[in-house]
> 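Got a structure for you, written out below as structure tokens; questions coming shortly.
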Amino acid sequence: MTDPAPAPFQGQPRVLSGVQPSGALHLGNYLGALVKFARLQADYETFIFVADMHAITVWQEPAKLAAQTREIAAAYLAAGLDPARATIFPQSMVPEHVELAWIFNCVARLGWLDRMTQFKDKAGKHKERESVGLYTYPVLQAADILVYRATHVPVGEDQRQHLELTRDIAAKFNHDFDAPSFFPLPDALTEGPGARVMSLRDGSAKMSKSDPSDYSRINLTDDADAISQKIRKARTDPEPLPETMEALKARPEAENLVAIYAALAETTPAAVLEEFAGLGFGAFKPKLADLAVAVLSPVSARMRGFLSDTGELDRILKAGAARAREVAAPTVAEAKRLVGFLGA
Ligand code: TRP
């Protein structure tokens with residue numbers, strides 16, 4: 001016997017995403033996440049949060065966590081997220097996430113979590129020493145998404161598996177509690193310019209806040225001198241820029257710098273080649289540095305502005321959390337009713 005196809009989710013399209021406050025933000029986060037979020041707010045109802053509860057799955061100094069949470073929020077606003085259009089808040093201010101996460105802990109199977117490659121990568125050989133939270137991290141992520149019944153989730157490639165788990169949890173909940181279209185099965189939005197900004201030292205590794213070399217990344221807080229110096233020292237090859245994208249394929253470092261230029265200039269890598277083909281990196285790098293400084297300095301200045309008045313920033317986050325709870329609370333109330341809990 002085959003089950004009938006579940007009725008499609010009937011709700012409105014909604015975007016949700018978040019970034020963990022576990023270190024300084026860099027150009028990869030800016031182009032791959034923040035700029036993308038700001039674009040999506042024009043077309044979708046958008047929820048963007050700071051994933052502070054995910055951050056504590058590994059040790060965070062309490063005083064630093066608060067500062068880093070504000071820093072991510074300031075970066076969201078500096079990148080163009082508008083609190084009048086998007087709902088912006090810290091995850092820990094919306095307790096409905098954890099309430100739904102507990103129910104999902106009882107829906108997800110151990111076997112599903114055992115397959116999560118990010119946990120295996122982070123835990124390495126000593127998983128018995130990791131927090132239980134790090135293990136159930138993807139279940140909380142599913143709750144983050146589904147508590148708003150979000151349909152589209154802009155994330156990096158590395159989060160694809162967590163999105164698949166989110167769909168599995170949604171489908172099993174809908175099935176087990178006989179509510180075929182209660183939760184949507186959300187899609188990852190992984191494409192777009194700046195989707196994969198690579199390390200400046202190694203074109204085959206993603207730009208990362210955990211890379212020990214600060215020369216591997218451009219931080220959002222770097223000043224003009226630091227940005228120029230890092231680009232000047234970026235690894236490249238001696239060949240000039242080619243005319244076709246095809247010819248860039250075997251040159252990951254060159255390809256990365258062209259992709260960064262294109263994303264910053266809001267154009268395509270092919271258009272960058274059209275303009276600069278034949279130029280060596282000695283000449284291309286200063287142009288890239290100028291562009292990076294021109295784009296990033298107003299962003300970091302705006303960020304500093306928000307961080308110099310945390311009263312205003314905190315008010316924005318509090319209002320965002322209140323708005324988020326208005327949407328999340330009815331979902332959790334209905335989920336609890338479906339499970340069979342007594343209503344309040
Ligand atoms: N795991 C995500 C990351 O590290 C952060 C995150 C937590 C997230 N909850 C989320 C992203 C929900 C999208 C949706 O990038």
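Start at 1 and go down the list; that is how both ligands and their atoms are numbered.
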> Partners of Lys209 by side chain to side chain donor-acceptor pair (under 3.5 Å), sequence neighbours excluded?
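For Lys209 there are no side chain to side chain donor-acceptor pair (under 3.5 Å) partners, ignoring immediate neighbours.
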> Evaluate the ring-ring contact (aromatic ring centres under 6.0 Å, His included) criterion for residues His97 and Phe104: first the C-alpha distance (whole Å), next the side-chain angles of each, then the deciding distance (0.1 Å), finally the verdict.
CA-CA 10 Å; His97 289 231; Phe104 285 175; over 10 Å; no
> Tell me every residue that passes side chain to side chain contact (heavy atoms under 4.5 Å, CB included) with Ala247, counting only those two or more places apart in sequence or in another chain.
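Partners of Ala247 by the side chain to side chain contact (heavy atoms under 4.5 Å, CB included) criterion, ordered by chain and then number, come out as Pro242, Thr244.
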> Can Lys36 be said to sit on top of Tyr30's aromatic six-ring, NZ or CZ under 6.0 Å from centre and within 45° of the ring axis?
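No, Lys36 does not sit over the ring of Tyr30.
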> Could you list each nitrogen or oxygen of ligand 1 that sits under 3.5 Å from a protein nitrogen or oxygen, with the atom names and the distance?
| from | atom 1 | to | atom 2 | distance (Å) |
| --- | --- | --- | --- | --- |
| ligand 1 | 1 (N) | Tyr137 | OH | 2.7 |
| ligand 1 | 1 (N) | Gln141 | OE1 | 3.1 |
| ligand 1 | 1 (N) | Gln159 | OE1 | 3.0 |
| ligand 1 | 4 (O) | Gln20 | NE2 | 3.4 |
| ligand 1 | 4 (O) | Tyr137 | OH | 3.2 |
| ligand 1 | 9 (N) | Asp144 | OD2 | 2.7 |

> Is there a donor in the side chain of Gln68 and an acceptor in the side chain of Gln20, or the other way round, less than 3.5 Å apart?
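Note: Gln68 and Gln20 side chains miss the donor-acceptor criterion.
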> For Glu45, give me all partners under side chain to side chain donor-acceptor pair (under 3.5 Å), at least two apart in sequence or on another chain.
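Residues passing side chain to side chain donor-acceptor pair (under 3.5 Å) with Glu45: Gln12, Arg14, Arg323.
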